[in-house]
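Throughout, residue positions are numbered sequentially from 1 according to the sequence presented.
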Amino acid sequence: MMRALLTGSRRGATGCLGLSWAAAARAAQPPQHRACSSLAHKPSWYIEKRSTATMPEINMDNLDAKQVQLLAEMCILIDENDVKTGADTKRNCHLNENINKGLLHRAFSVFIFNNEGKLLLQQRSDAKITFPGCFTNTCCSHPLSTAAETEEKDALGVRRAAQRRLKEEFGIPMHQVPLEEMNYLTRIHYKAQSDGIWGEHEIDYIIFMQKDVTLQPDPNEIKSHCYVTKEELKDLLEKAENKEVKITPWFKLIAEKFLYTWWDSLHNLKQFINHEEIHRM
């Protein structure tokens, strides 16, 4: 059992519920979500203009009401070269039916390390619609189709979105994660199914930061969290291979190909900056 799971962060965080990996695996099994209100009165996003996506009728009665509301957010549609092509709802972007037709959106993955060099992980809430209960990197989300978050110079829009979501998910004050301290390294392009209905198809901006931060996680977003060493993460990945716990597919890909090399050079990340290439995973 990892010490980090028992103790949490030095700032009094809850840790990953103080569970053993086996108990965490049981806790990560598909939950009984809170029912949301009937969709008889369809929300406004049903009539939003879209470019290529279809809108199959999906039964959302067993999904969390707050997470269903977030499906109305407008993500940034892109082509395989990360050129913006339009916007569509988070709902449409994450339906396998649309993903299988090629619908692709912009995303980001943040990795925050404390001053001891430990990586902050989260276990996604059971309320999450894609990959509930899975362990993953610090924060994974999407820039929205707004003027502030579509700004592409120096990935400014993506970094603003990362700052916003760190506040929304972990309660990290924005002044603790200033844009100029976010190291945008590179991008990966991957596709993965969560279940028969929902999935991911993203070009994912990888952002590193080393900073001690204040944590007040939203339980609707984060089930548990902990700081881990490299050895503890290797143990987690081994447990995931043995299906004792679940991890997100993008985190697995990044961990296997890049993470440890970058982790060894937190004070010299400039050597890994590659904004030209999109790594196809």
Keeping the roles fixed (side chain from [X], backbone from [Y]), state whether a donor-acceptor pair exists under 3.5 Å.
X	Y	result
Asn242	Glu244	no
Asn98	Cys93	no
Asn114	Glu116	yes
Asp218	Asn220	yes

Compare every heavy atom of [Y] with every heavy atom of [X], then report the nearest pair and how far apart it is.
X	Y	result
Leu166	Thr138	CD2-CG2, 4.2 Å
Phe251	Thr248	CB-OG1, 3.1 Å
Leu103	Asn92	CD2-O, 3.6 Å
Gln163	Pro178	NE2-CA, 4.0 Å
Ala148	Arg160	O-NH1, 2.9 Å

Worked check of ring-ring contact (aromatic ring centres under 6.0 Å, His included) between His94 and His201 | CA-CA 7 Å; His94 291 83; His201 187 205; over 10 Å; no

Test salt bridge (charged side-chain N to carboxylate O under 4.0 Å, His left out) applied to Arg106 - qualifying residues, sequence neighbours left out =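 Listed in chain order: Asp82, Glu152.
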
Could you go through the salt bridge (Lys or Arg N to Asp or Glu O under 4.0 Å) check for Glu238 and Lys234 one step at a time?
-> CA-CA 6 Å; Glu238 182 178 339; Lys234 288 176 182 177; over 6 Å; no

Verdict with reasoning, His279 to Phe258, per ring-ring contact (aromatic ring centres under 6.0 Å, His included) | CA-CA 11 Å; His279 302 275; Phe258 301 113; 4.9 Å; yes

Would you please indicate yes or no on a ring centroid separation below 6.0 angstrom for [Y] and [X]?
X	Y	value
Phe208	Trp263	no
His105	His142	yes
Tyr184	His275	yes

Identified salt bridge (charged side-chain N to carboxylate O under 4.0 Å, His left out) partner of Glu221 from the options Lys66, Arg124, Arg165 =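 Testing each of Lys66, Arg124, Arg165 against Glu221, the sole residue satisfying salt bridge (charged side-chain N to carboxylate O under 4.0 Å, His left out) is Arg165.
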
Distance (rounded to the nearest 0.5 Å) between [X] [atom1] and [Y] [atom2]:
X	Y	atom1	atom2	result
Glu200	Asn96	CD	CG	9.5 Å
Lys191	Gln193	NZ	CD	8.5 Å
Ile207	Glu181	CD1	CD	13.0 Å
Arg159	Glu151	CZ	CD	9.5 Å
Cys75	Arg91	SG	CZ	13.0 Å
Lys118	Leu120	NZ	CG	12.0 Å

Before giving the answer on side-chain contact (heavy atoms from CB on, under 4.5 Å), spell out for Asp126 and Lys223 the whole-Å C-alpha distance, their side-chain angles and the decisive distance to 0.1 Å.
-> CA-CA 7 Å; Asp126 289 337; Lys223 183 173 185 176; 3.1 Å; yes

Indicate yes or no: does Asp264 engage Lys230 in a salt bridge with an N to O separation below 4.0 Å.
->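 Lys230 and Asp264: salt-bridged.
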
Between Arg164 and Glu149, does at least one N-O distance fall below 4.0 Å, as a salt bridge requires?
->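 Result for this pair is yes, salt bridge flagged.
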
Who pairs with Ser109 by side chain to side chain donor-acceptor pair (under 3.5 Å), at least two apart in sequence or on another chain?
->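 Testing Ser109 for side chain to side chain donor-acceptor pair (under 3.5 Å), a comparison that skips the adjacent residues, returns Asp204.
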
Kindly write out the residues that satisfy side chain to side chain donor-acceptor pair (under 3.5 Å) with Gln210, not counting sequence neighbours, or none if the list is empty.
->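 Expected list: none.
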
Please work out whether the ring planes of Trp250 and Tyr190 are parallel, tilted or perpendicular, with thresholds of 30° and 60°.
->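 The arrangement is tilted - the two ring planes meet at 30° to 60°.
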
Are Leu144 and Val110 grouped together when hydrophobic residues (ILVMFWY) are joined by side-chain heavy atoms under 4.5 angstrom apart?
->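 Looking at the clustering, Val110 is in a separate group from Leu144.
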
Check whether Ile99 and Ile78 end up in the same hydrophobic cluster, where Ile, Leu, Val, Met, Phe, Trp and Tyr are linked by side-chain heavy atoms less than 4.5 Å apart.
->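 No; tracing contacts between hydrophobic side chains, which count when under 4.5 Å, never links both residues.
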
